[in-house]
Structure formats: C-alpha cells, structure tokens
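Just so it is clear, the values below take in all heavy atoms, side chains as well, and ignore hydrogens, waters and symmetry mates.
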Amino acid sequence: MQPSTSSAEVPLWLADIMAAAPDPRSACDQLLFHGTLETFAGPLKASGWEALRWTCDDPCVAQSYCPDVGCTTAWWAPMDYRLDEKLLPDGPINQIIFRELGFDELALDAKRDQTGRLLSWRVLPGHPTWRDASAFMQALGYSTAPEACNWVKTADRGNFIEIQPAHHKEPGRLFILERPRDLRVFDLASTAEGGLSGRQWMQTPIFRSLAASRRWDAIEIADVNDSPELGQFEHRSIGLFAPALLRLRYHTIPIVNFDPWDCWRRLDRSTTPEFDALWASCQVETALAA
C-alpha cells in the first residue's frame with residue numbers, strides 16, 4: 001500500500017476521482033472503504049486466517065463497522081422511593097459512579113459473598129445517595145426516569161474505566177482505497193446464497209484457495225451487518241488479498257460511527273459527513289484552480 005494520511009492534503013489520485021464526480025455517491029464507484037477504531041500504524045494487512053482484508057463500496061457501511069465505543073453496560077435508574085437511599089458500588093457502573101463522586105470503595109470495609117454481592121459495609125461521611133448518582137448520570141445524558149434501562153458507554157483508560165457521555169463516539173479512521181478497473185474480483189455474492197442463510201463470510205477455504213491461486217485480487221460476498229435503526233441489513237463486501245493490498249494506494253480520514261439509515265433515508269447522493277466533506281473540499285480546490 002502507498003499511504004496518504006493527511007486529510008488536509010488529499011493525494012492527487014484521489015483528488016482527481018473526487019473532482020470528476022458530480023456527487024459523493026458517484027465518487028464511491030472507483031473506491032473501496034474500510035472503517036476501524038484500531039490505532040495501528042501503517043497500512044491494512046491481510047489477516048492470517050482468512051488471507052484477506054474486508055472492504056466495501058460504501059463509506060456509510062464501512063463506518064457502521066466502527067462501534068460508538070468498545071463497551072456498553074446496562075444500568076437501571078432508581079425508583080423514586082430509593083433516591084435518598086445510600087448508593088453502594090454493587091455493580092460495574094455503580095462502582096464507577098461511586099468513585100467519580102469522590103469516594104473510595106476500600107473505605108467501606110465491605111464484606112461480600114462468593115458471588116460478589118455486598119453483605120455489610122460502613123456508611124461514610126457524606127455518603128452518596130441514589131439521588132447523587134442520578135444527577136451524575138443525567139449530566140452525562142442518560143435517562144433517569146424510574147427504572148429506565150441505559151446502555152452506558154465506557155472506555156478503558158488503562159488504570160481505570162471511565163463512563164462516557166451518552167452521545168459519545170470514539171474516534172476512528174476510514175481507509176479509502178483506489179479501486180482500479182482491472183481489479184480481478186471473484187463474484188461469490190451472485191453465485192451462491194448470501195445473507196444470514198449463506199454466511200458467505202465464513203467460507204475461509206474458498207478465500208484461501210483463491211488467494212493461493214494468484215489469479216484473483218479479491219472476492220465479493222453478500223455480507224450482513226447490524227444497525228440500531230435497520231437491524232440486520234445485507235451489503236456487499238470485497239475481501240482484498242495480500243498482493244492487492246500491497247499495491248493499492250490509500251488515504252485515511254478521521255471518522256466516527258455512522259448508521260447507514262441516516263444516509264439511505266435521505267434518498268439523495270450523499271454519504272457520511274466526513275466523506276461528503278472530503279468530496280466538497282476537492283470541488284472547492286478544483287474551482288479555485290480553474
């Protein structure tokens with residue numbers, strides 16, 4: 001792979017594709033996309049067990065593979081009658097809230113049973129209540145309606161786990177790869193049953209056989225992903241074999257998670273905010289040059 005990573009300096013090959021496209025969706029016809037939250041250095045590489053790296057032809061789909069955060073945990077808001085009861089660190093989220101409110105769990109001198117359930121504890125000076133916990137979570141954008149179930153976003157900060165705001169999205173990268181017209185793509189998607197029934201993404205022997213033959217650069221399958229709005233939806237994935245990955249030029253831009261429904265329901269030629277902005281920047285530069 002021949003890299004370009006600065007979103008401020010779009011490589012000439014990509015700028016030419018963008019400038020010639022009348023809209024962002026048209027530009028996708030000559031490109032492939034891979035979204036990731038991973039912070040590895042260098043280019044994409046083919047995985048050892050599949051012998052390929054998955055991409056797709058739509059940035060909306062690629063960014064849907066980047067989760068908002070790495071982990072979410074269920075937390076139920078208290079009933080009104082419990083608001084003035086003492087808060088205890090009796091679950092992963094309550095443990096974090098207890099700490100964030102300025103209290104040390106060790107100071108409770110708590111006794112637990114074999115399952116970790118609290119049996120006894122000290123009441124601390126200024127001991128926090130469920131009302132304090134609710135106010136803390138409400139400030140982060142979570143629902144505190146009685147018994148509301150929240151999927152709380154958390155992030156591992158090394159020495160501790162931190163609660164993220166309800167609307168937080170972890171930053172990721174979108175790899176934008178060129179898709180030359182002579183790319184040799186084996187079409188499994190049109191020749192076999194796809195979706196959840198066909199499970200074409202599990203055909204590892206086929207992937208390895210095609211990669212070893214050196215006759216193909218990639219394989220196209222009927223893939224499936226999940227969306228909060230769409231549920232499970234089908235899309236095409238293109239798995240690039242190692243030799244193709246090595247020679248294709250690419251560019252990366254910063255992105256966050258995106259639900260394809262937010263784009264597809266508009267029925268226009270737009271894609272994700274990040275890719276649309278990249279396309280627009282190339283139109284401005286072309287107009288200035290003219």
Side-chain angles (χ1 to χ4, degrees), residues 1-2 13-14 17 20-21 23-36 38 43-67 174-251 257-265 267 269-272 275:
M1 277 188 169
Q2 302 174 37
W13 67 267
L14 180 55
I17 292 174
D23 51 67
R25 180 63 58 187
S26 297
C28 298
D29 294 341
Q30 301 179 60
L31 301 169
L32 294 170
F33 305 91
H34 177 88
T36 181
E38 299 294 332
L44 294 173
K45 296 180 180 179
S47 69
W49 67 283
E50 288 179 314
L52 53 72
R53 176 61 57 191
W54 292 113
T55 65
C56 60
D57 58 5
D58 187 342
C60 301
V61 174
Q63 289 180 220
S64 75
Y65 276 91
C66 298
L174 181 67
F175 281 76
I176 305 170
L177 301 91
E178 63 177 335
R179 185 176 187 174
R181 296 186 182 279
D182 62 352
L183 192 70
R184 301 169 300 172
V185 181
F186 183 89
D187 185 4
L188 182 64
S190 302
T191 59
E193 184 177 7
L196 292 173
S197 300
R199 301 190 179 188
Q200 294 180 6
W201 59 88
M202 299 180 67
Q203 301 299 322
T204 306
I206 295 178
F207 306 155
R208 290 177 175 171
S209 175
L210 292 173
S213 74
R214 300 286 179 170
R215 294 176 52 207
W216 302 97
D217 299 312
I219 182 171
E220 183 170 352
I221 69 168
D223 209 345
V224 175
N225 194 21
D226 296 318
S227 153
E229 294 294 334
L230 295 168
Q232 292 175 327
F233 67 93
E234 189 169 321
H235 66 89
R236 294 296 178 98
S237 283
I238 298 91
L240 294 168
F241 301 131
L245 277 170
L246 287 173
R247 75 169 188 269
L248 294 183
R249 293 172 293 185
Y250 73 94
H251 178 62
N257 169 267
F258 185 82
D259 193 318
W261 172 244
D262 293 336
C263 168
W264 295 345
R265 65 177 176 173
L267 300 177
R269 303 290 290 173
S270 63
T271 62
T272 67
F275 187 73

Determine, stepwise, if the pair Leu210 / Leu52 fulfils side chain to side chain contact (heavy atoms under 4.5 Å, CB included). CA-CA 10 Å; Leu210 292 173; Leu52 53 72; over 6 Å; no
Give me the atom names and distance for the closest heavy-atom approach of [X] to [Y].
| X | Y | value |
| --- | --- | --- |
| Trp201 | Phe207 | O-CE1, 3.5 Å |
| Pro260 | Cys60 | CG-O, 3.7 Å |
| Asp217 | Asp182 | OD2-O, 4.0 Å |

Flag yes if more than 12 heavy atoms outside Arg184 fall under 6.0 Å of its CZ atom; otherwise flag no. yes
Taking the side chain as everything from C-beta on, heavy atoms only, tell me whether [X] gets closer than 4.5 Å to [Y].
| X | Y | answer |
| --- | --- | --- |
| Asn225 | Phe233 | yes |
| His235 | Asp58 | no |
| Pro43 | Leu245 | no |

Residues that Phe258 engages under ring pair (Phe, Tyr, Trp, His ring centres under 6.0 Å), provided they are two or more places apart: none
For a side chain to side chain contact (heavy atoms under 4.5 Å, CB included) check, start with the C-alpha distance between Arg236 and Asp187, then their side-chain angles and the critical distance, and finish with the verdict. CA-CA 10 Å; Arg236 294 296 178 98; Asp187 185 4; 4.2 Å; yes
Please step through side chain to side chain contact (heavy atoms under 4.5 Å, CB included) for the pair Val61 and Phe33, ending with a clear verdict. CA-CA 9 Å; Val61 174; Phe33 305 91; over 6 Å; no
What is the distance from atom CG of Leu183 to atom CD of Glu220, rounded to the nearest 0.5 Å?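 One finds 10.5 Å between CG of Leu183 and CD of Glu220.
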Begin with the C-alpha distance, continue with both residues' side-chain angles, and end with the deciding distance and a verdict on side chain to side chain contact (heavy atoms under 4.5 Å, CB included) for Tyr250 and Thr55. CA-CA 12 Å; Tyr250 73 94; Thr55 65; over 6 Å; no
Side chain to side chain contact (heavy atoms under 4.5 Å, CB included) partner of Pro59, the single match among Leu32, Thr271, Leu31, Ile176: Thr271
Could you list all the salt bridge (charged side-chain N to carboxylate O under 4.0 Å, His left out) pairs where at least one residue sits in residues 203-215, not counting sequence neighbours? none
